[in-house]
There are 2 protein chains.
Amino acid sequence: MEEVKKQNLKLQIIEAAREVLLSEGYRNLSLRKIARKIGVSATSIYLHFEGKDNLVHSLIEAAIERLNESLKLALPEKGGPINKLEKLAWAYVNFALTHPREYQIIYLVSSDEMTRYPKEKFRKARKGYKLVLQVLQEGIAEGIVDEKKPRIASYTFWAQLHGVLSVVLSKRLDTRIDQEEFIEEAIDHIISSYRQKTSLEAEELDRI
Amino acid sequence: MEEVKKQNLKLQIIEAAREVLLSEGYRNLSLRKIARKIGVSATSIYLHFEGKDNLVHSLIEAAIERLNESLKLALPEKGGPINKLEKLAWAYVNFALTHPREYQIIYLVSSDEMTRYPKEKFRKARKGYKLVLQVLQEGIAEGIVDEKKPRIASYTFWAQLHGVLSVVLSKRLDTRIDQEEFIEEAIDHIISSYRQKTSLEAEELDRI
DNA sequence: ATCCTTGGTTAACAGCGTTAAGTAGTAATT
DNA sequence: AATTACTACTTAACGCTGTTAACCAAGGAT
């Protein structure tokens, strides 16, 4: 059992950190608590990570990968582009709603809440973006999607979705507004803006 | 000068806190630092606030008010609804870009980053939402805006905008993408989704 | 002259991230 | 076989944090 424990202290740390994050939130995530959880001294963490920020970066990375995995699984092989965009959007939403703390940590990388997330790590984050780009280009080819700058458009797609979730998760929504209805409405808006204005019929067909 | 100093220690605290926040970020905002800045003991803050979270809530409230003020000023009295939405969107963006830390603190109220923002305070936050609601209803009346649920729509409007800014401010944007172009494109998308599909001509007229 | 209130203070607690120095156990060298 | 070097940790300590409890000095009311 020793060789099992050996190098995977790093894994144990990440795992424990994730557990604390999911159960108690970022606010209550401390190195000492993580260390206590796996029966090790807090300073041991420095053997595997440069510091707390660095450890959290790993959590972010892992969260992004899990999110991307969900997206990849949700993208159907068949069906029109509008349908595909809808599937992607809902996969994104569902991930965020079922793992809110894990989702939120992804966007915790705000400019001063933490050491800047190393830009080389963003490459992984771009997988989700590429999925949408692909779908958009497919839609453009078929004349169903109206987009001059698909690269930018696929970023705005995620950005808008994130905004919607950000409002929902931070509970800023007016209590008189039903959360689910809000999300549905928002996704409708977002997707409709990518749609070729003259191809409303195509959209109807697409839905079936 | 004493009666000046009297009850406005509270104001001094808020002011100092805001200064620290703007210059050093939320991460480096500590009660002791604020207290030091105005030559008072840290525990004095507890005479005016329940604790740090409570103080930060005040900062949030102030930031929301400043943002709302910008929006109100930016809303023209004349012009079509689409034009008005554009003006509001840009005012929002400009506020966020010129005071990024102040803007970001508004959305810091995530579920576990801080004690829940008291929901009664959200009423003030809804002023901006009402501005959009008003414009949307105006547009619906004129047949230029296509919206069945304007209440919800005005929330999705802000949510989408926030998402765009969130991506920009957290510097998650692909370096190959120009920030300004991204924002313009995104605003275009957001606004176009509220537009009546059959009234593209109206939009053109609106622009002039 | 005493009491109570207002508006602060100091001291202390428990916890934090991080650094420096030390220490067992194992592997390699002589 | 003895010594050295390395690996994977630990303990101690620094300076910071939010927060609580106890104290204190000045002013107004009784």
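Everything numeric here is computed off the predicted structure, so don't read it as measured data. The sequence lines fix the lettering, A, B, ..., with proteins before strands; numbering per chain opens at 1.
- Close to D:dT17, at under 4.0 Å from its OP1 or OP2, lies no side-chain N or O of B:R27.
- For residues 125-137 of chain A, the set of pairs meeting the salt bridge (Lys or Arg N to Asp or Glu O under 4.0 Å) definition, not counting sequence neighbours, comprises A:R126-B:D174.
- The side chain of A:V40 lies closest to D:dT10, out of C:dT19, C:dT9, D:dT10.
- Listed nucleotides: C:dG17, D:dG18, C:dG7. Nearest to the side chain of B:L47: C:dG7.
- Heavy-atom nearest nucleotides on DNA chain D were determined for A:G39 and for B:E50, and the one closer to the 5' end corresponds to A:G39.
- Spacing between atom NZ of A:K10 and atom P of D:dA8 amounts to 13 Å, rounded to whole angstrom units.
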Readout for nucleotides 21-27 of chain D: B = base within 4.0 Å of protein heavy atom, S = sugar-phosphate only, - = neither; 5' to 3' it is -------
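- Distance, B:K33 NZ to D:dC16 C1': 10 Å, rounded to whole Å.
- In this structure, A:E138 pairs ionically with A:K84, as a charged nitrogen and a carboxylate oxygen lie closer than 4.0 Å.
- Taking B:Y194 as the reference, A:H189, B:F157 meet the ring-ring contact (aromatic ring centres under 6.0 Å, His included) condition, with sequence neighbours excluded.
- B:L31 comes within 4.0 angstrom of sugar-phosphate atoms only, judged by non-hydrogen atoms across all strands, and of no base.
- Taking 4.0 angstrom as the limit, A:S44 places a side-chain polar atom (N or O) nearer than this to OP1 or OP2 of D:dT10.
- Look at A:S30 and you'll find a side-chain N or O under 4.0 angstrom from OP1 or OP2 of C:dC16.
- The list of ring-ring contact (aromatic ring centres under 6.0 Å, His included) pairs with a residue in residues 74-93 of chain A, not counting sequence neighbours, reads A:Y92-A:Y103, A:Y92-A:W158.
- In this structure, A:I38 places its CD1 atom 12 Å from C1' of D:dC9, rounding to the nearest Å.
- With B:Y129 as the aromatic partner, A:R172 does not meet the cation-pi criteria of under 6.0 angstrom to the ring centre and within 45 degrees of the ring axis.
- Taking five base pairs at each end of the helix from C:dA1-D:dT30 to C:dT30-D:dA1 and finding the rotation axis that steps the C1' atoms of four pairs onto the next four gives two axes whose angle is 30°, to the nearest 10°.
- Between the P atom of D:dG18 and the CG atom of B:D53 lies a distance of 10 Å, rounded to the nearest Å.
- Under the salt bridge (Lys or Arg N to Asp or Glu O under 4.0 Å) criterion, B:K72 pairs with no residue at all, not counting sequence neighbours.
- Looking at every heavy atom in both residues, B:N68 comes nearest to B:K124 through ND2-O, 3.1 Å.
- The B:R36 side chain lies nearest to D:dT17 when the options are D:dC9, D:dT17, D:dG18.
- A:K52 forms a cation-pi arrangement with A:Y26, by the criterion of a distance under 6.0 Å to the ring centre and an angle within 45° of the ring axis.
- Distance from the side chain of A:R32 is smallest for C:dC16 among the nucleotides C:dG8, C:dC16, D:dT19.
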